[in-house]
Amino acid sequence: MSGSAFRFGAERSYPLPHAGPGAQFTESLVTSVAALLVAYGYPRLDTSADRAALESALAAFLYNPLESHR
């Protein structure tokens, strides 16, 4: 089974069931993920726009958007 295989019917853990970043979502988390990407051969995040995009992508993966709580 490949690492990208999805088991149908399996309950997902993410996104988390609240509206936004908690205390564990810090600049340090974004920095750590950026460093991990570089370690895997991806380009460095040299601009603030790239860092902001990474932060938005992490938040989108980790947390339910506000619209889903209406």
Side-chain angles (χ1 to χ4, degrees):
M1 181 182 293
S2 76
S4 62
F6 179 75
R7 292 183 301 147
F8 289 100
E11 190 172 322
R12 292 181 56 183
S13 298
Y14 294 91
L16 298 173
H18 57 81
Q24 70 271 34
F25 192 87
T26 63
E27 182 66 24
S28 180
L29 174 65
V30 177
T31 300
S32 295
V33 171
L36 185 63
L37 290 171
V38 170
Y40 275 89
Y42 290 92
R44 294 178 56 85
L45 280 74
D46 289 328
T47 68
S48 58
D50 285 340
R51 287 189 66 78
L54 177 58
E55 187 173 336
S56 293
L58 286 171
F61 171 76
L62 293 170
Y63 303 103
N64 281 330
L66 287 171
E67 298 85 51
S68 68
H69 295 287
R70 291 182 186 176

- Does a side-chain heavy-atom distance below 4.5 Å link L37 with L54? yes
- Note on the structure: Rounded to the nearest 0.5 angstrom, the CD-CG distance for E55 and D50 is 13.0 Å
- Side-chain heavy atoms of V33 within contact of V30, under 4.5 Å: no
- Message: Do T31 and R51 have side chains that approach each other closer than 4.5 Å (heavy atoms only, starting at C-beta)?
- Response: yes
- Is it the case that one hydrophobic cluster holds both L36 and V38, taking links as side-chain heavy atoms less than 4.5 Å apart, direct or via other members? no
